[in-house]
Amino acid sequence: MYICGLVLAVPEAKKDAYRGWAERSAVVFKRYGCLEIVESWEDFVPDGKQTDFRRAVAAKPGEKIVFTWQVWPDKESLAEAEDRMHADGVLDDAGEIPFEASRLILGCFTPISVMGRE
């Protein structure tokens, strides 16, 4: 299992547009081997004293935090999928992105402990 995680800020008024964009993107990722994607819309995101999600993505007033992760079989599967998606051009036509992509945070992780999965 390999996890690709993102944190981003989406204008609250674009929640439905984001959901549609995310659902269309999920179809593409699944076709290229992604096992699971979870898209989470801010419900409780407290302001921190030193750091927090809002500061991390330079969230502006009226933006909500989205926390999303993709589960891939392994690191190699994600790398191969990214190469194939770029070669096939499927990422070139993602439609209008309903957030400022330059402020998103991306990170990939190897799990060290997992609870609740077989």
Side-chain angles (χ1 to χ4, degrees):
M1 175 187 307
Y2 193 64
I3 308 299
C4 179
L6 299 96
V7 179
L8 51 137
V10 178
E12 188 168 13
K14 292 188 176 185
K15 182 178 182 179
D16 290 337
Y18 179 80
R19 181 180 312 197
W21 178 84
E23 289 171 354
R24 289 187 302 279
S25 297
V27 170
V28 172
F29 286 113
K30 181 177 181 180
R31 189 168 65 230
Y32 284 84
C34 186
L35 302 174
E36 176 181 314
I37 297 177
V38 176
E39 297 280 352
S40 306
W41 188 261
E42 174 184 338
D43 180 45
F44 174 68
V45 178
D47 292 335
K49 291 183 179 178
Q50 247 186 323
T51 62
D52 58 40
F53 281 108
R54 280 187 190 9
R55 288 184 215 172
V57 294
K60 299 173 183 174
E63 290 184 326
K64 294 293 185 177
I65 303 302
V66 171
F67 178 45
T68 181
W69 64 92
Q70 303 169 353
V71 179
W72 291 84
D74 49 47
K75 183 176 183 176
E76 294 75 22
S77 297
L78 172 57
E80 290 171 12
E82 285 181 331
D83 289 344
R84 287 188 0 247
M85 285 188 282
H86 285 292
D88 294 348
V90 298
L91 300 178
D92 299 337
D93 189 25
E96 183 179 340
I97 299 173
F99 59 91
E100 231 177 278
S102 64
R103 292 187 286 131
L104 74 79
I105 296 173
L106 166 74
C108 295
F109 303 86
T110 301
I112 59 171
S113 176
V114 177
M115 188 280 302
R117 292 178 179 262
E118 295 300 318

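This chain uses plain numbering: 1 for the first residue, then up along the sequence.
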Report task. Would you check, one step at a time, whether the test side-chain contact (heavy atoms from CB on, under 4.5 Å) holds for K75 with T110? Result -> CA-CA 8 Å; K75 183 176 183 176; T110 301; 5.9 Å; no
Query raised in the report: Does one hydrophobic cluster hold both W69 and L8, with members joined at side-chain heavy-atom distances below 4.5 Å?
Result: no
Requested in this report: For residues P11 and P98, report the shortest heavy-atom separation together with the two atoms involved.
Outcome: CD-O, 3.5 Å
Query raised in the report: So, R24 side chain and G20 main chain: donor-acceptor pair closer than 3.5 Å or not?
Result: yes
Requested in this report: Identify the heavy atoms of P73 and G33 that sit nearest to each other, and give their distance.
Outcome: CD-O, 3.5 Å
Query raised in the report: I37 and V90: same hydrophobic cluster, using ILVMFWY side-chain contacts below 4.5 Å?
Result: yes
Report summary line: CZ (F67) and CD1 (I105) are apart, to the nearest 0.5 Å, by 10.5 Å
**Report entry** From L78 atom CG to D83 atom CG, the distance as rounded to the nearest 0.5 Å
**Finding:** 9.5 Å
Query raised in the report: Between the main-chain N or O of T68 and the side-chain N or O of S40, is there a donor-acceptor pair closer than 3.5 Å?
Result: no
Report summary line: CZ of F29 to CD of Q70, rounded to nearest 0.5 Å, is 4.5 Å
Report task. Spell out, yes or no, whether V45 and V7 are grouped together once hydrophobic residues are joined by side-chain heavy atoms under 4.5 Å, including indirect joins. Result -> yes
Query raised in the report: Where the side chain of R55 meets the backbone of G48, is there a donor-acceptor pair that is under 3.5 Å apart?
Result: yes
Requested in this report: Any chance you could measure L35, atom CG, to Y2, atom OH, to the nearest 0.5 Å?
Outcome: 14.0 Å
Report task. Please lay out, stage by stage, how V71 and M1 fare under the test side-chain contact (heavy atoms from CB on, under 4.5 Å). Result -> CA-CA 7 Å; V71 179; M1 175 187 307; 3.8 Å; yes
Requested in this report: Check whether any side-chain heavy atom of K15 lies under 4.5 Å from a side-chain heavy atom of V10, and answer yes or no.
Outcome: no
Report task. Quick one: closest heavy-atom pair of R84 and Y32, and the distance? Result -> NH2-CD2, 3.3 Å
**Report entry** Separation of E100 CD from K60 NZ (nearest 0.5 Å)
**Finding:** 4.0 Å
**Report entry** F99 ring center near W21 ring center (under 6.0 Å)
**Finding:** yes
Requested in this report: Find out if a path of hydrophobic residues (ILVMFWY) with successive side-chain heavy-atom gaps under 4.5 Å connects L106 to I65.
Outcome: no
Query raised in the report: Can you tell me how far CZ of R54 sits from CD of E42, rounded to the nearest 0.5 angstrom?
Result: 4.0 Å
Query raised in the report: Does R103 use its side chain to pair, donor to acceptor, with the backbone of V57 at less than 3.5 Å?
Result: yes
Query raised in the report: Quick one: ring-ring contact (aromatic ring centres under 6.0 Å, His included) partners of W72, sequence neighbours excluded?
Result: none
Report summary line: Minimal heavy-atom distance between W41 and E12, with the atoms involved, is CZ2-CA, 4.1 Å
Report task. Compare every heavy atom of I3 with every heavy atom of P111, then report the nearest pair and how far apart it is. Result -> CG-CG1, 4.0 Å
